[in-house]
Amino acid sequence: MSALTAGAPGRTAFDVTALRAEFPILATTSRGKPLVYLDSAATAQKPRVVIDAVGDFYRHDNANIHRGVYQLSERATLAWESARACVATSVGGAVDEVVFVRGTTEAINLVAHSFLRPRLLPGGTVLVTEMEHHANIVPWQLAGAATVAIPVTDTGELDLVAAERMLRDRPVLLAISHISNALGTINPVEELCAMAHAHGVPVLVDGAQAAPHLVIDVAAIGCDFYCFSGHKVFGPTGIGVLWAKREHLDVMPPYQGGGDMIDEVTFAGTTYAAAPRKFEAGTPHIAGAVGLAAALTWLAAQDRVAIQAHEDALRDDATGRLAAIPGLRLVGTAPRKAAVLAFTLDGAHPHDVASLLDGEGVCVRAGHHCTQPLHRRLGLPATVRASFALYNTHDEVAALARALVKVRRLFG
Ligand code: PLP
């Protein structure tokens, strides 16, 4: 079965047990207990089709791309460019609007270098939000912009009245997350794009947390830039996507120089290849792109409506069970949110909670989740975060709740 056709053959209704069987790591143990993996917001586990696609590429098709005239290199080039076409289809964009990068972080750094910096005048700002990941704050600052943040309410939603007011100050760019990695809030990106464009402000949407949960349509969102990481969408690490409107890519200067991104090089100067190749200097992560295409194809073959319902049910189940634990406070209770639950437990440091849960085989994240400004705004040094994906089960929600009750007793 080829990576691009492999999916969930014969499965019509959503069957979490069958789906889990496609993820070898989920059958393993941790600390002698069945693995309960609740850290998919950090990185998602990989289905066998992705693991096999990467292995098969190295076993059968490995060569460098765009350079060789021999058949193997042509096959590798075809695999790389087919992966680009697969990404374009999955986000609803054009093939030459898809730039392969290492991940969301590199995508945002690319836009900061090649789009923001040439437009930045003294005092220029980038409008972000208080809930942004550091990857959507620091690159703008490195490029020389001041970052100004749309406030977050106590429930973890964006203050849209403030957003509208702040857009009137004409920031150079609005840069917002589609889904918050720390709170799970699903932001109204369509509305924010329309608002920003009414003020002539282009928009970058950080889709790192949205790509695994939502069907992405860049045209419907109306953004100028959309980015995500392969490893969070069940693909390999070290590969990611920047989608950008062609009109922007055409005028943006290259981000890095090297092989494969040029038209002609002389000692007097260089002319560059057309986008997207002018942004892909050097030998890229070819196997990573092949694995990413396998992941996106696999995801597209699933029943996305049923998966959405499953993830919503996990979120509601986990919210109910955790809220019932005395001393546990949920952080981020927006009405539109993904299955990401951040919380604190009275008298217990989040790192201690996460370590004790690890003893029960339950993997969660503790800390500021690369959102220090958000945690400062909430007056919390750290939280515990349990993040769910399509392969999690209600039994795992129960295991988390049971383990937390145990931890509670230790600190209670
Ligand atoms: N943006 C968000 C919302 C994230 O959750 C993350 C990672 O957790 C990133 C950006 C950075 O992604 P990466 O480390 O894959 O580049």
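Computed from a prediction, not measured in an experiment: that's the story for all the values here. In each ligand, atom 1 is the first atom listed, and ligand 1 is the first ligand listed. Positions are given from 1 along the sequence. Hydrogens, waters and symmetry mates are skipped; everything else that's a heavy atom, side chains included, is used.
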* Name the option, out of C227, A210, A182, S229, that contains the heavy atom nearest to atom 15 (O) of ligand 1. => S229

* **Closest candidate by heavy atom, reference atom 8 (O) of ligand 1, pool M131, K232, E132, H178** => K232

* Could you go through the salt bridge (charged side-chain N to carboxylate O under 4.0 Å, His left out) check for R277 and E280 one step at a time? => CA-CA 5 Å; R277 274 177 74 173; E280 295 174 349; over 6 Å; no

* **Sub-4.0 Å atoms of ligand 1 with respect to non-hydrogen atoms of Q209** => 3 (C), 4 (C), 5 (O), 8 (O)

* To do: Give the intermediate values and the outcome of side-chain hydrogen bond (donor to acceptor under 3.5 Å, both in side chains) for residues Y391 and S40.
  => CA-CA 10 Å; Y391 40 63; S40 294; 2.6 Å; yes

* Asked: Does even one non-hydrogen atom of N136 get within less than 4.0 Å of ligand 1?
  -> no

* Within residues 102-125 or reaching into it, pairs that qualify as side-chain hydrogen bond (donor to acceptor under 3.5 Å, both in side chains) - sequence neighbours excluded -> T104-S229

* Are H134 and H368 an aromatic pair by the rule of ring centers under 6.0 Å? -> yes

* side-chain hydrogen bond (donor to acceptor under 3.5 Å, both in side chains) contacts in which one or both residues fall within residues 145-174, not counting sequence neighbours -> Q141-T147, T153-T155, D154-R377, T155-E157, E164-H199

* So which bit of S177 gets within less than 4.0 Å of ligand 1, heavy atoms only: side chain, backbone, both or neither? -> neither

* Asked: Any ion pair linking R385 and D39 (charged N to carboxylate O, less than 4.0 Å)?
  -> yes

* **Protein contact to atom 4 (C) of ligand 1 [nearest heavy atom, distance to 0.1 Å]** => H133 CD2, 3.3 Å

* Structure fact -> Checking heavy-atom distances from atom 16 (O) of ligand 1 to each of I239, T105, I137, D206, the winner is T105

